[in-house]
Amino acid sequence: MSDKVVLAYSGGLDTSVAIKWLKERYDLDVIALTVDVGNVADLEAIRRKALDMGAIKALVIDSRESFIKSFVFPALQADAVYEGQYPLATALGRPLIAQLLVETAKKEGAIAVAHGCTGKGNDQVRLDVSVAALAPGLKIIAPAREWNMTREETIAYAQSHNIPIPITTASPYSIDESLWGRAIECGVLEDPWNEPPKDAFLWTKSLEETPAQPAYLEIGFDKGIPISLDGEKLDGVTLVQRIHDLAGQHGVGRVDHIENRLVGIKSREVYEAPAAVVLLEAHQALEDLVLAKEQLRFKAKVAAEYADLTYNGLWFTSMRQDLAAYVESTQRYVTGTVRVKLFKGNCQIVGRKSPYSLYDYSLATYDKGDVFDQSASPGFIHIWGLPVRTQAEVQPEPPE
Ligand code: ARG
């Protein structure tokens, strides 16, 4: 009997070829593991395909709930967006896949885990580092990184090994999908001057086709976690899915990002992340209402760190745990409702309320009922301006 390896299996060409290749090159029996993080096509067909390709076992794990609960919502609470543009859908899915690879390898007594990443991207780093964090010493095989085949050579290998070439191979793009977003790369998109063609998008309508009337929705949050839509309490997966559908209809969530990969490459990445864009906007709008100025300023720095470490494959680290503890603490009053208007690709925040709002009408108003003591301002300004006056007297600004 051969040793076993657990392969993260997507059903695509590379991981299908990998099943044969792992047997041929390493004499390993492959257990295919497909992780459902949402919006995945026909999972049963993928499972059957793995077996057809020679896998000794094919597992499909529905992980949508843990993906949302343990990865997406903590990142939402952190306001984590890479380089201010990318809501990290793929980056958040990889540590979960690594976790399931490790768990399955233990359960099945496999000697190694494997994945289909190439040697040029971020995903190899995320999977390798996450596996190492959870099971130091467990062998990791990345066939596509080792075999060094071009796309044509991979197709030729597939043909000579009776591996059906999926029609999707005809698609000019490399796609990765989860509930939090869809990444589209390759083909004509590799020229940053090219406008992404219509067929790159699947989840979001182009502006020419969006409805002529806006849609409004009210998102309820409890301690930074979205829990309801228009007053209806929903579980995380359903809530994200509903916002996804609605925002997509209005063309919200397209991102065209010149992105800095960890491996040093600048790449052009196109995303559709309708739910992520709406929820991140709404969450921050509620924070604007309930967090103090200093909290907001410092939290924005933490958000950038959190996004970077997530992007860079450092999810399962002490650093993330520590930042997560800070983020968690900031969320204790992030409870309330945000009203969002979706129209022609825009997601506008048009209302927000919270029992913990720091917005005080009687302080802010210019109308009757103003309680702000304007007579205290000159004294405040006198002290505030003191160092400026002192310096100006000793070191006069040179004339223009
Ligand atoms: N550039 C994004 C990231 O690094 C998306 C990667 C998409 N992955 C893929 N295998 N197509 O997270």
Side-chain angles (χ1 to χ4, degrees), residues 7-18 33-41 46 67 71-72 75-76 78 80-98 101 114-130 140 142-145 151 154 166 168-169 171-190 192 196 199-203 253-274 276-277 280 304 306-316 320:
L7 167 71
Y9 184 68
S10 70
L13 181 65
D14 282 346
T15 48
S16 296
V17 167
L33 172 67
T34 303
V35 181
D36 179 8
V37 282
N39 305 101
V40 178
I46 293 177
F67 178 55
F71 297 86
V72 168
L76 172 64
V81 178
Y82 183 63
E83 295 182 337
Q85 297 196 65
Y86 166 40
L88 294 161
T90 300
L92 289 164
R94 294 310 185 243
L96 170 61
I97 293 172
L101 281 174
H115 58 71
C117 302
T118 69
K120 286 181 75 168
N122 299 311
D123 288 331
Q124 53 167 347
V125 182
R126 297 168 185 150
L127 286 169
D128 287 7
V129 172
S130 299
I140 304 166
R145 192 167 58 192
R151 196 80 185 145
T154 314
T168 51
T169 311
S171 152
Y173 309 112
S174 159
I175 308 280
D176 183 66
E177 292 177 351
S178 75
L179 276 169
W180 205 229
R182 179 167 182 269
I184 311 125
E185 312 173 289
C186 301
V188 291
L189 300 175
E190 286 180 352
D199 70 353
F201 300 105
L202 210 63
W203 294 358
R254 291 189 180 184
V255 176
D256 183 344
H257 184 190
I258 298 298
E259 183 173 297
N260 293 290
R261 284 193 194 164
L262 179 59
V263 293
I265 302 171
K266 263 194 203 298
S267 68
R268 199 272 188 95
E269 304 281 330
V270 175
Y271 300 105
E272 294 182 279
V277 164
L280 283 157
Y306 201 111
D308 277 8
L309 74 83
T310 301
Y311 188 85
N312 293 338
L314 302 177
W315 184 266
F316 292 119
R320 196 204 68 92

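Remember, it's 1-based here, ligands and their atoms both numbered in the order they're listed. Just so it is clear, the structure is predicted and the values come from calculations on it, not from any experiment. Scope of the values below: all heavy atoms of this structure, side chains included, with no hydrogens, waters or symmetry mates.
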Under 4.0 Å to a heavy atom of [X] - the qualifying atoms of ligand 1, by number:
X	value
Y271	1 (N), 2 (C), 5 (C)
R126	3 (C), 4 (O), 12 (O)
E269	1 (N), 2 (C), 5 (C)
A183	5 (C), 7 (C)
S174	11 (N)

Which atom pair, heavy atoms only, marks the closest approach of [X] to [Y]?
X	Y	value
Y82	E259	CE2-CG, 3.9 Å
Y306	A75	CE2-CA, 4.1 Å
R261	K120	NH1-O, 3.3 Å

Q: Please determine if R254 forms a cation-pi arrangement with Y271, meaning its NZ or CZ atom is less than 6.0 Å from the six-membered ring centre and no more than 45° off the ring axis.
A: no

Q) Relative to each other, are the rings of Y86 and Y311 parallel, tilted or perpendicular (30° and 60° limits)? A) perpendicular

Protein residue, atom and distance nearest to [atom], heavy-atom basis:
atom	result
atom 11 (N) of ligand 1	E185 OE1, 3.0 Å
atom 8 (N) of ligand 1	D123 OD2, 3.0 Å
atom 4 (O) of ligand 1	N122 ND2, 2.7 Å
atom 12 (O) of ligand 1	Y86 OH, 2.6 Å
atom 1 (N) of ligand 1	E259 OE2, 2.8 Å

Q: Answer with side chain, backbone, both or neither: which part of R268 has a heavy atom less than 4.0 angstrom from an atom of ligand 1?
A: neither

Q: Determine whether the aromatic ring centres of W180 and F67 lie less than 6.0 Å apart.
A: no

(Q) Going by side chain to side chain contact (heavy atoms under 4.5 Å, CB included), I184 matches just one of D256, L189, D176, D199. Which one? (A) L189

Q) Only one of T15, D128, D123 forms a side chain to side chain donor-acceptor pair (under 3.5 Å) with H115, so which one is it? A) D128

